[in-house]
A.B. asks: 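Encoded as structure tokens, here's the structure I'll be asking about.
Since the structure is predicted, the reported quantities are computational estimates derived from the model, not experimental observations.
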Amino acid sequence: MSERNSTVYCRNLEESVKIPVLTATLETLFSQYGTILEIIAKKNLRARGQAFVVFDSPEAAERAIKEVQGFNLFEKPMVLQYAKTKSDATVQLESSDAEFEAHKRRRLAEKERKQAHRAAESQKHLKRPAASGPSQGLGPDSRPAKKTQTSAPSAPGGLKSTAAPAAPQIPDEYLPPNKILFLQNLPDNATSDILNGIFGSFEGFKEVRLVPGRKGIAFVEYENEAGAISAKENTQGMSLGPDGSGIVKVTYQRQ
DNA sequence: AGCACA
């Protein structure tokens, strides 16, 4: 059972209804139970048939759930619950700007973690493991490709390949957390002293390792994953160069 | 079933 929350999570919504129509309908339906801050509904595969109705108070959400539960909307009975987590709009309403920013950072980090998890899961199903060379390979900034391929492509030159096609490598951004961070795009002035100063203040710090002969990259190891996660969250996109230059890319080490 | 917020 989810906890009381100002946001009502709606599911079992008719998926063929266009998003603007759906949100407008939910708005009229739910506005009798309190002030609505916003309604979030999306149409992608994972999110369709669901919506988040953000009220200005948990009491309003509670009334809405009680009264509207099972209501037939577009011929389908709605299933209502409290949302699992607070909506951004709720935190923005109830907390300071700083807390709001922190909330978003945490939420985005968590979102990234889930994406990484999904990416790793779908990798597993393509049983051939990705070739893991010594290089970290600067991955593209795109999402990992969905595997929509149903038939194996024939090998060129009429050669019958017995091997499955190589699984696409997960982009850096989606690598699952581990205790070692991989830093890229370090400016030349980022000496090991500076890096120790920055990364050394997070829980469980062990060491920074520069790579001889490789400019711009380094590894930072922590005692455990939690330390690495918190360091990453707090240093992601940090600028180490003069006036905002040298935006450091922080990802988990490819394992 | 599915928990998002470009």
A.B. asks: Grab the CG-C1' distance between A:Leu108 and B:dA4 for me, whole Å please.
C.D. replies: 11 Å
A.B. asks: Spell out yes or no: do the side chain of A:Thr7 and the base of B:dA4 have one donor N/O and one acceptor N/O closer than 3.5 Å?
C.D. replies: no
A.B. asks: Could you check how far NZ of A:Lys42 sits from P of B:dG2, rounded to whole Å?
C.D. replies: 19 Å
A.B. asks: Whether the A:Asp172 and A:Gln184 side chains hold a donor-acceptor pair (N or O, under 3.5 Å, no angle test) is what I'd like checked.
C.D. replies: yes
A.B. asks: Would you say the side chains of A:Ser87 and A:Thr7 form a donor-acceptor pair under 3.5 Å?
C.D. replies: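 Note: A:Ser87 and A:Thr7 side chains meet the donor-acceptor criterion.
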A.B. asks: Heavy atoms from C-beta onward define the side chain here; which of B:dC3, B:dC5, B:dA1 lies closest to that of A:Glu15?
C.D. replies: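 Within the option list, the nearest is B:dA1.
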A.B. asks: Choosing from B:dG2, B:dC5, B:dC3, which nucleotide comes nearest the side chain of A:Lys111?
C.D. replies: B:dC5
A.B. asks: Can you tell me the distance, in whole Å, between the CD1 atom of A:Ile40 and the P atom of B:dC3?
C.D. replies: 16 Å
A.B. asks: Reckon A:Ala83 touches a base, only the sugar-phosphate, or nothing at all at heavy-atom distances under 4.0 Å?
C.D. replies: base
A.B. asks: Nearest to the A:Phe52 side chain among B:dC5, B:dA4, B:dA1, which nucleotide is it?
C.D. replies: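 The listed nucleotide nearest to A:Phe52's side chain is B:dA4.
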A.B. asks: Calculate the interatomic distance between A:Lys76 atom NZ and B:dA1 atom C1'; express it in whole Å.
C.D. replies: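 Computing the A:Lys76:NZ to B:dA1:C1' distance gives 11 Å.
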A.B. asks: From the options B:dC5, B:dG2, B:dA4, select the nucleotide whose nearest atom is closest to the side chain of A:His103.
C.D. replies: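 When the side chain of A:His103 is considered, B:dC5 is the closest of B:dC5, B:dG2, B:dA4.
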A.B. asks: Calculate the interatomic distance between A:Phe100 atom CZ and B:dC5 atom C1'; express it in whole Å.
C.D. replies: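 So the CZ-C1' distance, A:Phe100 to B:dC5, works out to 9 Å.
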A.B. asks: In this structure, which one of A:Phe55, A:Tyr82, A:Phe52 forms a ring pair (Phe, Tyr, Trp, His ring centres under 6.0 Å) with A:Tyr9?
C.D. replies: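 Option passing the ring pair (Phe, Tyr, Trp, His ring centres under 6.0 Å) with A:Tyr9: A:Phe52.
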A.B. asks: Would you mind reading off the distance between A:Lys114 atom NZ and B:dC3 atom C1', rounded to a whole angstrom?
C.D. replies: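 Going from NZ in A:Lys114 over to C1' in B:dC3 covers 6 Å.
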A.B. asks: Tell me the interatomic distance from A:Tyr9, atom OH, to B:dC5, atom C1', rounded to whole angstroms.
C.D. replies: 14 Å
A.B. asks: Looking only at side chains, do A:Glu233 and A:Ser230 share a donor and an acceptor under 3.5 Å apart?
C.D. replies: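 Not at all, the side chains of A:Glu233 and A:Ser230 share no donor-acceptor pair under 3.5 Å.
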A.B. asks: Nearest to the side chain of A:Arg11, which nucleotide is it out of B:dC3, B:dC5, B:dA1?
C.D. replies: B:dA1
A.B. asks: Is A:Gln50 reaching over with its side chain to a backbone N or O of A:Arg48, donor-acceptor style, under 3.5 angstrom?
C.D. replies: yes
A.B. asks: What is the distance, to the nearest angstrom, from the CG atom on A:Leu45 to the P atom on B:dA1?
C.D. replies: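 It works out to 15 Å between those atoms.
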